[in-house]
There are 2 protein chains.
Amino acid sequence: MDQVYIENIADHEGQEVTLKGWLYNKRSSGKLHFLQVRDGTGTIQCVIFKKDVPEQAFEQAAHLAQESAIIVHGTVRADERSPIGFEVGVSDLELVGEASDYPITPKDHGVAFLLDNRHLWVRSARQHAVLRIRSEIAHACRQYFDDRGFVLFDSPILTPAACEGTTTLFETPYFDETAYLTQSGQLYLEAGAMAFGKAYCFGPTFRAEKSKTRRHLMEFWMVEPEVAYMDLAGDMDLAEDFVEYVVQRVVQNRRRELDVLERDVGKLESVRKPFPRITYDEAVTTLRDKGFSIEWGEDFGAEEETVLSEAYDRPVLVHRYPAACKAFYMKADPENAKLALCVDMLAPEGYGEIIGGGQREDDLQTLEGKITEHGLPHEAFSWYLDLRRYGSVPHAGFGMGIERAVAWICGLHHVRETIPFPRMLERLTP
Amino acid sequence: MDQVYIENIADHEGQEVTLKGWLYNKRSSGKLHFLQVRDGTGTIQCVIFKKDVPEQAFEQAAHLAQESAIIVHGTVRADERSPIGFEVGVSDLELVGEASDYPITPKDHGVAFLLDNRHLWVRSARQHAVLRIRSEIAHACRQYFDDRGFVLFDSPILTPAACEGTTTLFETPYFDETAYLTQSGQLYLEAGAMAFGKAYCFGPTFRAEKSKTRRHLMEFWMVEPEVAYMDLAGDMDLAEDFVEYVVQRVVQNRRRELDVLERDVGKLESVRKPFPRITYDEAVTTLRDKGFSIEWGEDFGAEEETVLSEAYDRPVLVHRYPAACKAFYMKADPENAKLALCVDMLAPEGYGEIIGGGQREDDLQTLEGKITEHGLPHEAFSWYLDLRRYGSVPHAGFGMGIERAVAWICGLHHVRETIPFPRMLERLTP
């Protein structure tokens, strides 16, 4: 008989079905076993009455270990007590793969142990919820841009030069040259915006930062749109519309997973545009009022970001930072050259920066000057300068780090659970 | 006035609009300029009558260089001669960014020159068509799996060990360790299949192969599904259903781009399941009949693949290759241990292998033996073996290389045009 997935079980009420999965949990009395069976799409209670199954199957069920691979034959019936509304009355059972001494038991384990067993940990209900939400977020990001005429324009991972200094770059021999792993697809994506008007990329990016914070991974995914003829104001409009879309889609499609995580969904429901917008200057004033002794010109740290975002029930856009603390490609504010036409979006509830972006410098001479100022090699940026030599236009974009967005939307303390196999300072395995 | 995109021009017939784009081409007579304007979403003819525009705008139009960034104001009118059905009667023109001596002119350029100017070459009509089809294919791949309940399970790019030997791996220092750039997400994805039943990954993969063929890139994207409780037969069903879906979606949504490429669409329309399926043994017989002196046990090269696929008007599935020429994780055929339960899909018209996959070894002892046989370090595969220790099930999957699929569907001679910034043996730039 063909396999039925638990997510579709409601279509099979009253029918004899075959489930193929794993034993998630079990309890037994003398004549009865209750198996919690998971198949990756859901979990369902399978009830084995001694009188309903071959004797050997009943015996086997008594000794099944957690995570044993099993095939269950039985009849689907409605059950009010079930979280999914159905259970299965078992008629037969096959053991496909044993699992004695499965390392992750229902008791508490330390995080290091769980990360060592990440390949198994991903089978747990909580990790399921997080990774299904990650999958939904990734899908939502792409759908948003695909639906709005953006062309997917994959930026290269292996790049010949550093875009913001080499200290935090991973490098690899590339035949007779050296290649660096990308930190952002933006520069290449700008070529895409000049070709397609609206382009986006979405891929892994890398930072070899010796950071051990709850917000940093060495390898993380970033989605980046870039739009020709868009200015900073348009960029902020796009960013808030995009984030609202992504969050509301998760709320709509992944309610069950948010509940597993005990996420306060009300806090996500209030993520509606318009988002508050404050300038860097206003942010500094706010911080000083709250007792921070911050100098004008300094970038904000995690603590400052948390305090700034606490005042709002939705993300806040902080724009026009001092140019000196931002990357060379940021366009200066025509009204005050000390400011960059840039924006960071800070998530609420202390999650800090999830988006960074802004308008790019589109004037050739100014950009050449910035490259010199930042001590970067002109030769390596010759192709990038071509984008200003030939039909330069105002343009803007942003990047959203997926893992931070997942952590915020799921309400997680640490980004390490937001990706199947996190790469951290002291963790390259499994 | 707000910008109107050319792709939406039909919604604005008779209206005054503003287009923001670049000059693609131009011809002039005394009182008239015909500007071909592109904005990334399309190209439209903009007609400037001397009497309709300010004198300075008419003068400027006379001297506009190719790829100048311009904003055009004018009225949309139907025009039967236009490939898109409309043209614009210009009322005013602004020059946003100059572009003197744009390097890529309508004359023929050598491929090396074009690749050196890849950041500009992507603005050309032909490259537009290819990259829009790439974007469509990527979207189709994801949609296919998302719609069928597969969970996106991103495999790591930085991995601690080699899955098929280290000779073709890029490596990077990772703090005190060495990391290798992934060649395939499969092994990690198997953990995803055990957790979610149906999982897929889609990301960049890397091979440091000293190959200079028209089918090889150092950095390429691969989409890989993996399904628990699926066998080789199910894997072949999935692969053909998937490829039919992707190809027919491109035919449906990207007809205009296929026409730009002068692709014989009839050849794509015949890509309908069922695809022919032949065994390796049958393939060897066919090759010998055609004069190849191939030994049983050898893998097929590009030439053999071309000859095998020539017999069919759609992709052909070649299954059950000799185990000795395949990776350690392939499951042996229970009916003949010398054969692996694997499958390659060869595209028609000489495009060769676009998919490789099969059923994975699910028996712990057998897999341990294979790892020893292949001289691989057991320690590095300890986590992978855990997937056989705890609830092992039959499972299968495959990987499709995106660039080869794009080359085939677009009818291109070489994969170098199928990705925004190709990375090849002697090319790491721009």
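Side chains included, hydrogens not; waters and symmetry mates left out as well; all remaining heavy atoms used. A quick note: this is a predicted structure, and the numbers were derived from the prediction, not measured. Lettering of chains follows the sequences in order, A, B, ..., and the numbering in each one begins at 1.
- If you tally non-hydrogen atom pairs under 4.5 Å between each of A/Pro422, A/Pro394, A/Gly192, A/Ala208 and chain B, the highest count goes to A/Ala208.
- Contact count against chain B (heavy-atom pairs under 4.5 Å) is highest for A/Pro103 among A/Pro103, A/Gly42, A/Ala179.
- Proximity to chain B (any heavy atom under 4.5 Å) is shown, for A/Arg423, by both the backbone and the side chain.
- Of the listed residues B/Ala380, B/Ser135, B/Ser155, the one with more heavy-atom pairs under 4.5 angstrom with chain A than any other is B/Ser135.
- Contacts of A/Gln66 with chain B are absent, with no heavy-atom separation under 4.5 Å from either backbone or side chain.
- Between the side chain of B/Glu219 and the backbone N or O of A/Ile157 there is at least one donor-acceptor pair closer than 3.5 Å.
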Practice task
Take B/Glu426 and A/Phe175 through the side chain to side chain contact (heavy atoms under 4.5 Å, CB included) test and state the conclusion after the steps.
Solution key: CA-CA 8 Å; B/Glu426 282 155 6; A/Phe175 306 104; over 6 Å; no

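- Both the backbone and the side chain of B/Leu387 come within less than 4.5 Å of a heavy atom of chain A.
- By the 4.5 Å heavy-atom criterion applied to side chains, A/Asp39 and B/Tyr229 are not counted as neighbours.
- The side-chain heavy atoms of A/Pro156 and B/Met218, taken from C-beta on, include no pair separated by under 4.5 Å.
- Contact annotation for A/Leu425: both backbone and side-chain heavy atoms come within less than 4.5 Å of a heavy atom of chain B.
- In this structure, the separation between CE on A/Met194 and CZ on B/Arg123 is 7.0 Å, given to the nearest 0.5 Å.
- If you tally non-hydrogen atom pairs under 4.5 Å between each of B/Thr41, B/Leu131, B/Asp386 and chain A, the highest count goes to B/Asp386.
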Practice task
I would like to know whether B/Arg427 and A/Glu177 meet salt bridge (Lys or Arg N to Asp or Glu O under 4.0 Å); could you show each step before the answer?
Solution key: CA-CA 10 Å; B/Arg427 175 161 303 278; A/Glu177 299 172 79; over 6 Å; no

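- The aromatic rings of B/Tyr174 and A/Phe170 sit parallel, their planes meeting at an angle under 30°, below the 60° perpendicular limit.
- When each of B/Glu67, B/Lys198, B/Arg132, B/Arg134 is checked for heavy-atom pairs under 4.5 Å with chain A, B/Lys198 comes out on top.
- Note: B/Glu98 CD to A/Tyr390 OH = 12.5 Å, rounded to the nearest 0.5 Å.
- At most 12 heavy atoms of other shown residues, nucleotides or ligands fall within 6.0 angstrom of atom CG in A/Asp101.
- Classified by interplanar angle (parallel below 30°, tilted 30° to 60°, perpendicular above 60°), the ring pair A/Trp383/B/His119 is perpendicular.
- Between the side chain of A/Arg38 and the backbone N or O of B/Ala195 there is at least one donor-acceptor pair closer than 3.5 Å.
- When the candidates B/Ile419, B/Leu120, B/Asp116 are compared by the number of heavy-atom contacts under 4.5 Å with chain A, B/Leu120 comes out ahead.
- Contact of A/Pro430 with chain B is made through backbone and side chain together, with heavy-atom distances under 4.5 Å.
- For chain B, the option among A/Phe150, A/Tyr5, A/Tyr384 with the highest count of heavy-atom pairs below 4.5 Å is A/Tyr5.
- Chosen from B/Cys201, B/Pro173, B/Gly197, B/Ser392, the residue pairing most often with chain A at heavy-atom distances under 4.5 Å is B/Ser392.
- The part of A/Trp221 that comes within reach of chain B is its side chain, from C-beta onward, which places non-hydrogen atoms under 4.5 angstrom from that chain.
- Contact annotation for A/Ser124: neither backbone nor side-chain heavy atoms come within less than 4.5 Å of a heavy atom of chain B.
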Problem - CA sep, side-chain torsions, deciding dist, call: A/Asp154, B/Phe421, side chain to side chain contact (heavy atoms under 4.5 Å, CB included) - result: CA-CA 8 Å; A/Asp154 295 305; B/Phe421 293 93; over 6 Å; no

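- Heavy-atom pairs under 4.5 Å with chain A were tallied for B/Thr429, B/Val393, B/Leu158; the largest tally goes to B/Leu158.
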